[in-house]
Amino acid sequence: MGKLVCRWQNRPCISTYHAGEAGVGKVYFYNKLDKLLSYFSLNFAVSNSLTKELYNAELLENFISVKKPTKPRTLRSKQEINIGFVGRLSHEKGPDIFIEAAKHSPSTNLNFHMFGDGPMVNELDLSAINYHGQCEQQQIWQQLDVLVICSRAEGLPMVALEAMSHGVLVIAAAVGQLPHIINHLSNGLMMGESSAQALQKQLKNIEMLSTEQKQYMLSNAQKLIQQRFSGEQQFKQLDRVYNTSLLASLPNF
């Protein structure tokens with residue numbers, strides 16, 4: 001409605017697109033219509049794949065409030081490692097993949113935790129993991145060493161940026177903008193696909209890596225967040241478009 005009214009009033013409209021998944025039912029039709037109507041607006045999207053589905057769109061990566069970096073925790077080879085899933089318990093986020101990997105993990109050094117709620121909560125075998133439900137983010141990062149993002153579809157998940165900022169190692173599926181953020185064995189680990197088998201492979205890698213390798217990845221991850229996802233670059237993009245379109249269209253008084 002906003003796009004059509006702006007078109008009628010000959011005013012520019014600026015829209016941002018965040019959802020990497022197509023959705024189902026009414027959400028599917030809403031997303032489809034919203035993307036078709038992107039013809040009538042100037043558009044930002046959080047992933048390269050989303051920009052290709054829109055008219056006149058440019059990449060605007062998500063950002064977080066970045067404070068002084070916390071010292072990356074020391075992940076020793078023999079200590080227990082807390083592995084976490086954080087997010088909505090829905091099919092596109094892959095909580096079933098996380099639980100399947102936890103069920104068949106042969107390691108006794110890995111503890112699996114799940115934070116969040118959603119439509120799949122009653123379908124999942126939560127006995128296989130430590131289920132915490134909804135929690136404050138600060139409580140989550142204090143309990144985790146590794147975050148798993150095993151989504152089937154994504155844009156640019158904020159949870160990845162938050163984890164990297166808080167010194168939590170990220171294992172991610174190659175969906176949405178994640179392959180453009182996570183550099184395998186440099187600032188995190190990438191799964192070849194969103195599956196329990198692919199996740200188990202990277203969990204084995206975590207246990208095999210030396211303390212020095214893990215610290216190297218954690219340090220690189222925090223540097224990336226400081227340099228690229230603090231909001232400074234994103235503000236400049238938005239400010240440029242608003243100044244050149246919205247302000248230029250205002251009537252002279």
Side-chain angles (χ1 to χ4, degrees), residues 18 20 46-48 59-87 93 98 109-116 132 135-151 154-191 198-199 201-238:
H18 303 265
V46 298
S47 71
N48 291 322
L59 180 68
L60 178 75
E61 293 180 317
N62 277 335
F63 58 94
I64 60 174
S65 176
V66 178
K67 300 178 182 178
K68 184 178 179 180
T70 56
K71 184 179 180 181
R73 52 177 52 80
T74 300
L75 295 176
R76 298 181 181 86
S77 299
K78 298 299 182 182
Q79 77 175 34
E80 289 188 345
I81 300 176
N82 291 304
I83 313 293
F85 174 100
V86 180
K93 298 295 183 183
F98 181 79
N109 287 337
L110 304 181
N111 295 322
F112 293 85
H113 302 266
M114 180 171 281
F115 300 86
H132 303 273
C135 294
E136 293 290 332
Q137 280 217 18
Q138 196 59 41
Q139 296 176 337
I140 295 173
W141 306 129
Q142 290 172 355
Q143 297 182 59
L144 293 183
D145 302 304
V146 178
L147 171 74
V148 171
I149 301 176
C150 44
S151 304
E154 278 291 356
L156 172 50
M158 299 289 285
V159 69
L161 307 183
E162 292 285 354
M164 295 168 78
S165 175
H166 283 85
V168 175
L169 199 60
V170 175
I171 299 175
V175 292
Q177 198 67 5
L178 286 167
H180 301 277
I181 297 173
I182 306 296
N183 188 357
H184 188 63
L185 296 180
S186 176
N187 60 9
L189 296 97
M190 290 296 299
M191 294 186 283
L199 175 52
K201 180 179 178 180
Q202 296 311 319
L203 291 175
K204 289 178 182 177
N205 278 342
I206 289 285
E207 293 191 283
M208 292 171 59
L209 292 172
S210 68
T211 300
E212 291 73 22
Q213 287 174 307
K214 293 170 185 174
Q215 296 305 118
Y216 169 76
M217 287 191 283
L218 290 171
S219 177
N220 285 343
Q222 288 190 328
K223 288 176 184 176
L224 177 69
I225 297 300
Q226 289 280 338
Q227 295 168 359
R228 185 169 153 189
F229 299 101
S230 66
E232 183 177 343
Q233 173 181 312
Q234 290 83 351
F235 174 79
K236 289 178 181 178
Q237 282 183 266
L238 291 170

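Fair warning: this is a prediction, and the values are worked out from it, not measured in the lab.
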K.L.:
For Ile64 versus Ser165, what's the shortest heavy-atom pair and its separation?
P.N.:
CD1-CB, 3.7 Å
K.L.:
Does CZ belonging to Phe63 count more than 12 external heavy atoms closer than 6.0 Å?
P.N.:
no
K.L.:
Lys201 side chain to Met191 main-chain N or O, any donor-acceptor pair under 3.5 Å?
P.N.:
no
K.L.:
So, for Val168 and Leu218, which heavy atoms are closest and what is the spacing to 0.1 Å?
P.N.:
C-CD2, 3.8 Å
K.L.:
Roughly how far, to the nearest 0.5 Å, is NE2 of His132 from CZ of Phe85?
P.N.:
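Between Phe85 CZ and His132 NE2, I get 13.0 Å after rounding to 0.5 Å.
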K.L.:
Rounded to the nearest 0.5 Å, how far apart are CG of Asn220 and CG of Leu185?
P.N.:
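That separation rounds to 11.5 Å.
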K.L.:
Atom CG of Asn205 and atom CE of Met190: how far apart are they, to the nearest 0.5 Å?
P.N.:
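Here the interatomic distance stands at 13.0 Å.
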K.L.:
For Val170 versus Ala160, what's the shortest heavy-atom pair and its separation?
P.N.:
CG2-O, 4.1 Å
K.L.:
Measuring only between side-chain heavy atoms, which start at C-beta, is Met208 closer than 4.5 Å to Gln213?
P.N.:
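Sidechains of Gln213 and Met208: no contact.
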K.L.:
Quick one: do Glu207 and Leu110 satisfy side chain to side chain contact (heavy atoms under 4.5 Å, CB included)? Show the steps, please.
P.N.:
CA-CA 9 Å; Glu207 293 191 283; Leu110 304 181; 4.1 Å; yes
K.L.:
With rounding to the nearest 0.5 angstrom, report the CG to CG distance, Leu209 to Leu189.
P.N.:
6.5 Å
K.L.:
Of the non-hydrogen atoms in Gly176 and Ser47, which two are nearest, and what is the gap between them?
P.N.:
C-CB, 4.3 Å
K.L.:
Calculate, to the nearest 0.5 Å, the distance between atoms CG and CG belonging to Asn109 and Leu203 respectively.
P.N.:
12.0 Å
K.L.:
I need the minimum non-hydrogen distance between Ile206 and Lys214, along with the two atoms involved.
P.N.:
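Answer, listing the atom of Ile206 first, then Lys214: O-CE, 2.8 Å.
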K.L.:
Side-chain contact, heavy-atom cut-off 4.5 Å: Phe115 with Val159?
P.N.:
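No. Closest side-chain heavy atoms not under 4.5 Å.
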K.L.:
Passes side-chain hydrogen bond (donor to acceptor under 3.5 Å, both in side chains), Gln143 versus Asn82? Steps please.
P.N.:
CA-CA 7 Å; Gln143 297 182 59; Asn82 291 304; over 6 Å; no
K.L.:
Does atom CD of Glu232 have more than 12 heavy-atom neighbours, drawn from other residues, nucleotides or ligands, at distances under 6.0 Å?
P.N.:
no
K.L.:
With rounding to the nearest 0.5 Å, note down the distance linking CG in Asn187 to CE in Met164.
P.N.:
4.5 Å
K.L.:
What are the two closest non-hydrogen atoms of Ala163 and Leu147, and how far apart are they?
P.N.:
CB-CD2, 3.6 Å
K.L.:
Please step through side chain to side chain contact (heavy atoms under 4.5 Å, CB included) for the pair Ile171 and Ile83, ending with a clear verdict.
P.N.:
CA-CA 10 Å; Ile171 299 175; Ile83 313 293; 5.8 Å; no
K.L.:
Sub-3.5 Å donor-acceptor pair from the side chain of Gln177 to the main-chain atoms of Asn48, do we have one?
P.N.:
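Checking the backbone N and O of Asn48 against the side chain of Gln177, a donor-acceptor pair under 3.5 Å is found.
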K.L.:
Test of understanding: with salt bridge (Lys or Arg N to Asp or Glu O under 4.0 Å), list the residues that count as partners of Glu61, not counting sequence neighbours.
P.N.:
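Checked Glu61 against salt bridge (Lys or Arg N to Asp or Glu O under 4.0 Å); matches are Arg228.
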K.L.:
Looking only at atom types and distance, does a side-chain atom of Asn62 sit under 3.5 Å from a main-chain N or O of Met158, one as donor and one as acceptor?
P.N.:
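No: the side chain of Asn62 does not pair with the backbone of Met158.
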